[in-house]
Amino acid sequence: MLLFDSHVHIGVAKIKNIEEGHSSLPAYNNATANTFSNYLRVSSAKGVTKCLAFPFPFNEVKRESANKYILECAQKEPTLILPLLLPDDIRSIEANITNIYGIKEHFYLEISNDVMFPIYDLLRKTGKVLLIHAHRNEWRKKISEISSNFPELKVIIAHCARKQPFSDEGLVDNVKDILAASKNRSNLYFETSTIRTNGASLAELINLVGDEHVLWGSDFPFYKDKDEDVYKLECEFISSSKLSDDSRKKILSENFRHLFQADNIWIRRACDHDSDTLINMLEGISEPERKLLAISAKSSFLKQMLRKPKHVFVAENSKGQILGFLRKSDRPENGALIEEVYVPANSRGSGIGRLLIESVTKALSYAEMKTYSSNDPMVNIAKKLGFTPTFTPKKTMINWRLG
Ligand SMILES: [Zn+2]
C-alpha cells in the first residue's frame, strides 16, 4: 500500500524555560526531535512517500525559526515534504503562502481570534488547509467559530478529536459534536494518528463521516512507549480495523492525494508498491530506446533494482498512474549520479523528465549524468537545468555536471 502521512513533526525542539503547568503535559515528556536527516531515513525505511510536516508544537520553541526549518526541509526534499507552518503573524504566513500547504494550529499555542481569523481567511482564499488540534473541550466551540465564519475553509481534525492520547475515548461523541457544529462537512477531514485501538471506533467514525473524509497520520516521532515502532503500530491499526480494501486505500493515500495533489503531476520516492509497474515499464522499452539509454546490457540488473526500488523516484499523476521514473546512485558528499531517466512515449512532451531531474537534484550538492549526444530530449533538459558538459570521452557521449 502507498503511505501518505498527514501528521509528522520535524525539527529540533530545544525547550528552555518551560511555562508553568506545561511540564506535566504528555508531549513535553516525549520525543522532542526529529531532524530532517533522521526523517529522511525513517520515511524511506517505512515506505512513507509523502507527508504533511510541521514543527513541534511547543509554546517555548521559537516559532519563526521552527517554521523556517520546515520550509528549508521542503525546499530540499519537495518529493517528500508538504510543509505546514505553525501560526505566526499574518505577514510571515502571507510571505510563504505559495510554498506551504496550510497551517497546523495547536492547543498549546493559544492564539487569539484577532490573529487567527485573518490567517483562516488567507487559507480559505488560497485553498490551503487548517490542521487543528484543539484542547479537549474546545473542539465544538473552535469548529463552530471557524465553520460559521469560514465555511469553505478545509479543516483537518488531528487525532480524530479523541479525548486522551493513545485512546479512542470520547472519539465518536466528539466527532458527532463536531459534525453538529460544522456548517460544511464536505471540507472537514479526520486524521487518525494515535488512536490505535481495536478499530471499532474507526469503523464507526467512517459510518459517521464517510471514508473519503478520513486521513491516516502517524504523529511521528511522538510515542506511547519509548522505542516502540510508531509506523508499524499506526499501520497495524488501519490494517486490523474492519474496513473494505477500498476504504483502506482512501485513508492511507487517496484522500491525501485528492486534497493535496489536485490535478498536478508530482514526484515521489518509489516504494515496494510501485515495483510491478516499474518493471512493466522497463520491459516495455523498445530496443532502439534501450540503446539510446545505454541499458541493453544491464536490463536484468535494472529489473532487480526496481523490484526493491531504492534510489528510484516516480512521476505520478492525480489518478496514481506512474508516468516515468528516475534512478540515481549516491556519490560522496551528498552528490549523486543520475543513472536512468525514462518517460514512456505516450507521456512525453509535458516536462516530466525535467520535473524528475529538477525535483531530485534539489536535495543534492551536485549531480552528474551521462547521455548520448544524440539523445536530444535529455541534452535539452540538461542545458535548461544548468548542467554543464564536463568531459566528452567520445563524440557520441556527454558527461554532465550540475553544482
Ligand atoms: Zn502531533
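Ligands are counted one by one from 1 in listed order, and the atoms in each one are counted from 1 as well. Since the model is a prediction, treat every value here as computed from it, not as a measurement.
No other N/O/S atom of Asp219 lies as close to the Zn ion (ligand 1) as OD1 does.
Among the atoms of His133, no N, O or S atom falls under 2.8 Å of the Zn ion (ligand 1). Residue His9 counts as close to the Zn ion (ligand 1), with an N, O or S atom under 2.8 Å.
The side chain to side chain contact (heavy atoms under 4.5 Å, CB included) test with Ile195 is passed by exactly one of Leu205, Asp168, Ile238: Asp168. With Ile90 as reference, Leu122 is the one residue of Asp121, Leu122, Val115 to meet the side chain to side chain contact (heavy atoms under 4.5 Å, CB included) rule. Put simply, the residue from Lys310, Arg268, Arg307 that forms a salt bridge (charged side-chain N to carboxylate O under 4.0 Å, His left out) with Asp274 is Arg268.
Judged by distance alone, the side chains of Asp219 and His9 do bring a donor and an acceptor atom under 3.5 Å apart.
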